[in-house]
Amino acid sequence: RRQRQMCIRDSYKPNKAGRHFSPQKQQIKLGFICSVERITGVWASINQGIQEASQELREYNITVETRQFPLYLPEVELALIDELIEEGVKGLVIAPLNSPIIANRINELISQGFPIVFVNSEVDGCSPLAYVGSNYLAAGRTAAGLFNLLRPKDPLNLIVFYGTTFMMSQHQRVEGLSNELDRCNRSYKLIGPFAITADPELAYTTSQEILCRESDANAIFTVGGCVSSVCQAILDTNLTQKVVHISYDISPTIKSFLSNGSLSVAIGQEGVRQGYQSLKILADYLLFHIKPDSSRIFTHSEIYIDQNS
């Protein structure tokens with residue numbers, strides 16, 4: 001916890017003067033919206049950060065209403081935004097889907113002076129109070145560097161799996177990868193991208209079919225979706241010795257796949273810090289009218305392999 005707070009100070013300095021303010025007499029309600037049906041993986045880490053910040057903000061009579069919804073339905077997210085507004089929240093931390101209907105509603109709220117902080121993902125054409133999350137172009141470049149290290153000689157025949165077209169982050173990861181491979185003059189071919197849903201069984205069937213069909217593939221880049229299903233398909237098709245597989249985020253399940261060889265590297269993104277910092281920025285603005293030094297706060301890319309996970 002101490003190490004994480006030191007990292008936070010690098011780009012965000014909480015208002016120390018705020019400690020001298022008396023607690024708010026009137027309750028302030030904030031909202032947190034994330035696009036998952038079950039809080040697992042990186043969202044479990046982000047939610048942990050939200051909860052830690054919520055505990056610290058109780059002395060200011062601040063409460064947080066959380067809403068989550070199945071991947072990935074913009075119309076449902078829009079309804080949840082409006083629901084929380086009607087319930088009287090004074091600000092939102094949101095993982096927005098990159099959809100015109102979400103962008104339009106968020107811009108409408110921002111124009112009315114309603115404070116919004118993006119966490120983990122962004123939306124085209126919106127300027128929130130702050131974005132807290134990974135630099136996904138850099139995360140894609142990091143993956144390219146790892147593929148170059150782990151598969152240095154052969155041309156890359158690289159299968160790309162993704163979860164949804166509604167998350168800007170997933171497009172940016174592939175863009176960052178391609179840009180870096182081009183910059184290095186690396187010989188490569190992108191196969192796909194192929195969508196794998198959040199449903200584990202369907203994701204497994206889809207990825208297994210693609211792995212069997214694309215027999216010349218020697219690398220796999222999973223930028224979103226059900227990573228565990230891809231890993232299981234790699235195991236069941238006996239490809240652990242043939243392919244280099246890189247994905248994102250860390251969890252106990254992902255650690256097991258690093259151990260059995262179906263996943264070569266997982267790139268983390270400091271999920272706890274994302275949740276903690278995004279809520280504290282929103283609260284600091286509402287309580288003390290303080291904006292962060294930068295409107296885009298990037299967390300670090302963490303490299304996990306079997307030996308250090």
Side-chain angles (χ1 to χ4, degrees), residues 12 14-15 17-39 43-44 46-123 125-133 166 271-292 295 297:
Y12 169 65
N15 181 31
R19 297 174 184 170
H20 302 295
F21 284 70
S22 60
Q24 300 289 310
K25 293 181 180 179
Q26 185 176 4
Q27 185 182 78
I28 297 176
K29 186 187 298 184
L30 305 179
F32 168 52
I33 301 176
C34 59
S35 54
V36 291
E37 188 169 12
R38 293 176 295 114
I39 294 181
W43 291 107
I46 291 172
N47 188 62
Q48 179 184 335
I50 291 285
Q51 295 306 315
E52 289 181 10
S54 299
Q55 291 289 333
E56 295 178 12
L57 292 169
R58 283 185 177 180
E59 67 176 291
Y60 296 105
N61 206 13
I62 291 177
T63 62
V64 180
E65 291 289 327
T66 297
R67 298 290 187 273
Q68 59 198 71
F69 62 98
L71 294 174
Y72 291 95
L73 300 171
E75 61 274 16
V76 177
E77 184 167 51
L78 178 63
L80 291 178
I81 292 172
D82 290 337
E83 176 184 307
L84 287 173
I85 297 296
E86 290 177 6
E87 291 185 9
V89 299
K90 302 302 182 183
L92 279 176
V93 173
I94 184 171
L97 297 181
N98 191 29
S99 164
I101 65 171
I102 299 300
N104 291 340
R105 184 62 174 128
I106 286 174
N107 282 332
E108 181 182 12
L109 291 169
I110 291 173
S111 70
Q112 297 169 0
F114 188 86
I116 295 175
V117 174
F118 290 167
V119 62
N120 190 258
S121 193
E122 299 181 89
V123 178
C126 291
S127 298
L129 175 64
Y131 161 72
V132 183
F166 288 118
V272 175
R273 180 186 170 195
Q274 290 185 29
Y276 179 89
Q277 196 166 355
S278 59
L279 187 59
K280 291 298 286 286
I281 286 172
L282 182 60
D284 214 32
Y285 177 77
L286 285 167
L287 289 172
F288 313 119
H289 309 292
I290 292 178
K291 294 182 178 181
S295 62
I297 300 167

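The basis for the numbers below is simple: all heavy atoms, side chains too, and nothing from hydrogens, waters or symmetry mates.
- Residues V119 and I46 form a side-chain contact, since some pair of their non-hydrogen atoms from C-beta on lies under 4.5 Å apart.
- Side chains of Q48 and E52: a donor-acceptor N/O pair is present below 3.5 angstrom, by distance only.
- Between E83 and R67, the closest heavy-atom pair is OE2-NE, 2.7 Å.
- Residues I290 and I281 fail the side-chain proximity criterion, which asks for heavy atoms closer than 4.5 Å.
- Atom CH2 of residue W43 and atom CG of residue N120 lie 4.0 Å apart, to the nearest 0.5 angstrom.
- Between I297 and Q277, some side-chain heavy-atom pair lies under the 4.5 Å cut-off.
- The line from OG of S127 to CD of E122 is 9.5 Å long, rounded to the nearest 0.5 Å.
- A distance of 6.5 Å separates CD of E86 from CG of D82, quoted to the nearest 0.5 Å.
- Under a 3.5 Å cut-off, the side chain of N107 and the backbone N or O of G125 do form a donor-acceptor pair.
- A donor-acceptor pair is defined here as one N or O able to donate and one able to accept, closer than 3.5 Å; such a pair exists between the side chain of E77 and the backbone of L97.
- Between L78 and I102 there is a side-chain heavy-atom pair separated by less than 4.5 Å.
- In this structure, P96 and S121 approach most closely via the heavy-atom pair CD-O, 3.2 Å.
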Legend entry - side-chain contact (heavy atoms from CB on, under 4.5 Å) evaluation trace for Q26 with N61: CA-CA 7 Å; Q26 185 176 4; N61 206 13; 5.8 Å; no
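- Nearest heavy-atom pair across F69 and L80 is CD2-CD1, 3.6 Å.
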Inset, instruction - Begin from the C-alpha positions of L109 and I81 and carry the test side-chain contact (heavy atoms from CB on, under 4.5 Å) through to its verdict. - result: CA-CA 10 Å; L109 291 169; I81 292 172; 3.8 Å; yes
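- Residue I101 holds its CD1 atom at 6.0 Å from CD of E75, rounded to the nearest 0.5 Å.
- For the residue pair Y276 and E56, a side-chain donor N or O sits within less than 3.5 Å of a side-chain acceptor on the partner.
- In this structure, the side chains of I106 and F118 come closer than 4.5 Å at one or more pairs of heavy atoms.
- Annotation: the span from L92 atom CG to E65 atom CD amounts to 11.5 Å, rounded to 0.5 Å.
- To the nearest 0.5 Å, atoms CG (L57) and CD (E59) are separated by 8.0 Å.
- Side-chain contact check for C34 versus V93: every heavy-atom pair is 4.5 Å or farther apart.
- Of all non-hydrogen atoms in I62 and A283, the two that sit nearest each other are CD1-CB, 4.0 Å.
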Inset, instruction - Let me see the working for T63 and Q27 under side-chain contact (heavy atoms from CB on, under 4.5 Å), right down to the final yes or no. - result: CA-CA 7 Å; T63 62; Q27 185 182 78; 3.4 Å; yes
Inset, instruction - Carefully, step by step, assess I94 and F32 under the rule side-chain contact (heavy atoms from CB on, under 4.5 Å). - result: CA-CA 6 Å; I94 184 171; F32 168 52; over 6 Å; no
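- Side-chain contact check for V64 versus V89: every heavy-atom pair is 4.5 Å or farther apart.
- Residues K90 and I85 fail the side-chain proximity criterion, which asks for heavy atoms closer than 4.5 Å.
- Listed for the D284 side chain is no donor-acceptor partner under 3.5 Å among the backbone atoms of K280.
- In plain terms, the two heavy atoms of I50 and L279 that are nearest each other are O-CD2, 3.5 Å.
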